[in-house]
Amino acid sequence: MTVKTKKVADRIGEAFQKEGSLLSIYFTAGHPQLEDTLPILRELQTSGVDMIEIGLPFSDPLADGPTIQESSLAALKNGMTTRKLFEQLKVVRPEIHLPLILMGYFNPVLQFGVEAFCRECREVGIDGLILPDLPLEIYEKEYRPIFEQYNLKMIFLITPQTSVERIRRIDASSDAFIYMVSSASTTGAKAGFEASAESYFKRISEMKLKNPLIVGFGISNAQTFRQATGHARGAIIGSAFIKNLSEHGISGISRFINSIRP
Amino acid sequence: MDSYHADKDGFYGPFGGAFIPEMLYPNVDELKSRYLEIMGTPEFQSEFRHLLREYVGRPTPLYYARRLSEKYNTRIYLKREDLCHTGAHKVNNTIGQILMAQKLGKKRIIAETGAGQHGVATATVCALMGLPCIVYMGEVDIARQAPNVARMKLLGAEVRAARSGSRTLKDATNEAIRDWINNPEDTHYIIGSVVGPHPYPDMVARFQAVISEEISKQLQEKEGRDAPDYVIACVGGGSNAAGAYYHYLNRPEVGIIAVEAAGKGISSGESAATSALGTVGIIHGSKTLLMQTGDGQITEPYSISAGLDYPGIGPMHAHLFASGRGEFHSVTDEQAMEAGKELAALEGIIPAIETAHAFAILKSREFEADDVLVFNLSGRGDKDLQTYIEYFNL
């Protein structure tokens with residue numbers, strides 16, 4: 001008894017219709033506790049965030065800094081699996097109206113089976129995917145039709161080193177948003193932005209891409225959120241949110257969100 | 001005819017490629033678009049050959065092992081990579097890559113190491129060229145490989161402890177990749193094996209190919225033929241094997257034999273026999289065979305030899321295995337230690353424990369009396385003395 005398989009809501013597109021800067025939050029599923037996924041999602045929605053990225057934990061997250069590494073290992077130790085996460089999402093999705101993006105590394109997806117994974121994502125109401133180690137070329141050559149068949153938006157990253165030509169290619173291949181990594185780094189590696197970040201944000205913004213830009217990496221407070229969204233539609237907070245979650249628990253979520261966007 | 005070399009995108013059949021996050025793209029793309037052109041210049045070749053001859057001590061001998069041959073009633077040659085400067089084949093690759101780094105204008109070198117052999121070989125060439133060197137090594141390995149840590153420090157390298165995950169080779173590799181992400185312009189990452197994203201497996205194999213190139217010439221002189229019946233090597237990530245097989249990959253009359261570490265036994269739960277236990281997946285940017293859970297989490301391998309406990313194998317080897325071109329065996333800690341002891345007693349050569357694994361197949365696989373076998377004697381056992389002492393109560 002599947003629900004609304006025909007009419008697919010464009011929750012990401014709707015989120016971008018809103019006024020003001022979008023706040024997106026990343027957390028690792030299964031951390032701090034295995035069953036925290038539901039209460040975290042509820043609390044984030046109540047606190048007024050615009051989009052949520054759910055991290056599927058991986059043993060070897062090579063694009064991530066220590067905070068997300070540790071949360072991933074803790075989640076795996078707690079017993080989080082791909083199957084378990086889908087079960088949790090199936091339960092909570094009816095009450096969460098925000099866009100949900102699944103972020104993870106490609107190997108667990110490959111083991112689950114790419115098509116089976118996409119089907120599950122569709123079934124539980126995932127709107128988009130960020131798979132940092134599935135590069136554009138391989139995605140286009142081998143996987144694009146499968147992801148599109150299940151109406152999943154693939155979101156690609158760009159960095160200050162990404163060439164203009166490549167950014168154009170990524171823009172042409174995307175139809176949700178582009179994840180603009182603020183500096184050449186792993187997640188949570190740098191507090192705040194380098195002096196050059198501002199001109200990079202501006203440079204990309206002036207390219208007038210068809211997709212909106214969301215900045216990630218290095219955003220941890222109201223000041224960096226403001227800086228990041230000066231030339232972009234929104235920003236993603238991951239490591240700083242996870243740190244706060246580890247220290248203050250689920251009940252500390254709303255205070256954290258309010259401190260970012262008063 | 002099937003080719004067992006990499007195609008232009010770095011695929012060996014279905015294996016290989018570059019599954020990398022966008023943050024790594026500029027570094028990897030720069031290398032990918034330039035490595036063949038740089039390696040092909042006469043200037044690069046002459047510098048590379050000069051250093052291999054004058055600094056590394058090449059060509060290494062192809063030695064006919066008379067007593068070992070008599071015992072197993074076949075014809076056994078040993079390719080003496082153990083006589084290379086720093087004690088193993090690893091330096092062939094680091095010499096090539098340090099020259100590559102210079103041509104690319106890089107000012108800072110990073111590397112990962114497990115047992116410390118590749119770390120020492122990298123620290124060595126960085127000292128030679130006067131480049132700063134940072135070696136990532138798992139915290140666990142730092143504790144159990146103290147002499148190599150001291151060597152690297154003496155050579156001027158900074159050894160950084162990888163404290164994430166299981167704190168061994170796979171995590172040291174993760175840390176080195178993270179360093180590279182954080183330093184996208186001035187840094188070259190010298191990977192130590194035929195693993196990682198394209199072009200690394202192909203580039204490292206080409207640098208190590210000097211091994212099979214020499215075998216061909218030396219065998220021609222000694223036997224009047226340029227190819228053996230079998231070429232045999234141990235496989236962890238697989239760089240010494242890739243070098244020994246290289247010129248024979250597309251010659252089906254040459255048997256390719258790979259020997260992996262079974263640790264305490266394939267089904268013991270403590271093993272590094274990737275071809276037997278692994279499934280297709282992605283590790284360190286490459287699609288290959290690796291040891292993982294059904295949920296796609298990479299598991300921790302085990303072998304008595306630190307140089308073989310990598311949870312994957314290079315994509316070239318995954319293809320050799322899956323296509324049936326290569327014959328894969330695995331031997332236990334015990335079989336390897338006994339084989340090492342036997343080589344020492346019969347030929348006066350104490351092999352690295354990694355290398356000893358290859359020799360263990362002489363007990364389990366039969367060869368004809370007129371077969372010509374070449375074993376790649378990839379490293380010497382000095383670094384393993386403590387393990388030999390403890391194992392045999394010497």
Side-chain angles (χ1 to χ4, degrees), chain A residues 56-66 69-70 72-73 75-76 79-85 104-113 117 130-139 141-142 156-163 166-167 170 178-181 183-187 189-190 217, chain B residues 9-11 14 16-30 32 162-167 170-187 196-198 279-288 290-300 311-312:
Chain A
L56 179 63
F58 180 49
S59 56
D60 294 76
L62 47 77
D64 286 300
Q69 288 171 38
E70 280 158 28
S72 301
L73 288 185
L76 293 174
M80 183 48 77
T81 62
T82 311
R83 174 78 52 205
K84 174 81 187 164
L85 177 57
Y105 290 81
F106 192 44
N107 195 50
V109 177
L110 210 52
Q111 297 320 306
F112 198 89
F117 183 87
I130 304 176
L131 302 171
D133 60 345
L134 177 60
L136 179 69
E137 292 74 15
I138 298 175
Y139 170 72
K141 202 169 143 198
E142 289 186 44
F156 293 101
L157 278 55
I158 62 169
T159 79
Q161 279 74 30
T162 309
S163 69
R166 190 165 167 80
I167 293 172
I170 287 171
I178 289 176
Y179 190 137
M180 180 160 62
V181 177
S183 69
S185 71
T186 43
T187 54
K190 292 172 184 166
F217 293 32
Chain B
D9 295 320
F11 279 95
F19 292 79
I20 50 165
E22 192 62 30
M23 292 81 94
L24 267 184
Y25 186 86
N27 271 330
V28 170
D29 190 56
E30 179 185 31
K32 185 182 100 176
R163 297 197 169 87
S164 58
S166 52
R167 297 170 292 138
K170 123 182 132 67
D171 310 285
T173 308
N174 290 338
E175 287 304 319
I177 291 173
R178 288 178 187 125
D179 180 307
W180 213 24
I181 287 175
N182 283 285
N183 293 282
E185 273 152 16
D186 65 342
T187 299
H198 177 61
T279 49
V280 178
I282 290 161
I283 181 169
H284 299 137
S286 180
K287 190 174 191 182
T288 187
L290 61 123
M291 291 166 58
Q292 57 184 326
T293 66
D295 203 40
Q297 309 299 337
I298 299 172
T299 54
E300 195 51 32

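Per chain, numbering begins at 1; letters A, B, ... match sequence-line order.
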Relative to chain B, which segment of [X] carries a heavy atom at a distance below 4.5 Å: side chain, backbone, both, or neither?
{"X": "Phe217(A)", "answer": "side chain"}
{"X": "Lys141(A)", "answer": "side chain"}
{"X": "Leu136(A)", "answer": "neither"}
{"X": "Leu73(A)", "answer": "side chain"}

Next on the checklist: Using side chain to side chain contact (heavy atoms under 4.5 Å, CB included), reason through Gln292(B) and Asn107(A) one step at a time and then give a plain yes or no.
Outcome noted: CA-CA 10 Å; Gln292(B) 57 184 326; Asn107(A) 195 50; 2.8 Å; yes

If you take all heavy atoms of [X] and [Y], which pair is closest and at what distance?
{"X": "Ala63(A)", "Y": "Met23(B)", "result": "CB-CE, 3.5 Å"}
{"X": "Asp64(A)", "Y": "Arg178(B)", "result": "O-NE, 2.8 Å"}
{"X": "Gln297(B)", "Y": "Pro108(A)", "result": "NE2-CG, 4.3 Å"}
{"X": "Gly294(B)", "Y": "Gln111(A)", "result": "O-CB, 3.7 Å"}

Checklist entry - For Arg83(A), what residues pass the side-chain contact (heavy atoms from CB on, under 4.5 Å) criterion, not counting sequence neighbours? => result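 Testing Arg83(A) for side-chain contact (heavy atoms from CB on, under 4.5 Å), a comparison that skips the adjacent residues, returns Thr81(A), Glu87(A), Phe112(A), Glu120(A).
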
Heavy atoms only, distances under 4.5 angstrom: which of [options] has the most pairs with chain B? Name it, please.
{"options": "Ile138(A), Leu131(A), Val181(A)", "answer": "Ile138(A)"}
{"options": "Tyr179(A), Phe58(A), Tyr105(A)", "answer": "Phe58(A)"}
{"options": "Pro61(A), Ser163(A), Pro160(A)", "answer": "Pro61(A)"}

Checklist entry - How would you list, by chain and number, every residue that makes a side-chain hydrogen bond (donor to acceptor under 3.5 Å, both in side chains) with Glu70(A), sequence neighbours excluded? => result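 Partners of Glu70(A) under the side-chain hydrogen bond (donor to acceptor under 3.5 Å, both in side chains) test: none.
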
Item to check | Best-contacting candidate, Asp295(B), Val280(B), Ile283(B), Thr299(B), against chain A by heavy atom pairs under 4.5 angstrom | outcome: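 Ranked by contacts with chain A, first place is Asp295(B).
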
Could you look at [X] and say if it's the side chain, the backbone, both or neither that has a heavy atom under 4.5 Å from chain A?
{"X": "Phe19(B)", "value": "both"}
{"X": "Asp9(B)", "value": "side chain"}
{"X": "Thr173(B)", "value": "neither"}

What's the separation between atom [atom1] in [X] and atom [atom2] in [Y], rounded to the nearest 0.5 Å?
{"X": "Ile181(B)", "Y": "Gln161(A)", "atom1": "CD1", "atom2": "CD", "value": "11.5 Å"}
{"X": "Glu175(B)", "Y": "Gln69(A)", "atom1": "CD", "atom2": "CD", "value": "5.5 Å"}
{"X": "Leu24(B)", "Y": "Asp133(A)", "atom1": "CG", "atom2": "CG", "value": "10.0 Å"}
{"X": "Lys170(B)", "Y": "Leu62(A)", "atom1": "NZ", "atom2": "CG", "value": "10.5 Å"}

Checklist entry - Between Thr186(A) and Asn182(B), does a side chain to side chain contact (heavy atoms under 4.5 Å, CB included) hold up when you go through it step by step? => result CA-CA 6 Å; Thr186(A) 43; Asn182(B) 283 285; 3.1 Å; yes

Checklist entry - So Phe106(A) and Lys287(B), side chain to side chain contact (heavy atoms under 4.5 Å, CB included) or not? Walk me through it. => result CA-CA 10 Å; Phe106(A) 192 44; Lys287(B) 190 174 191 182; over 6 Å; no

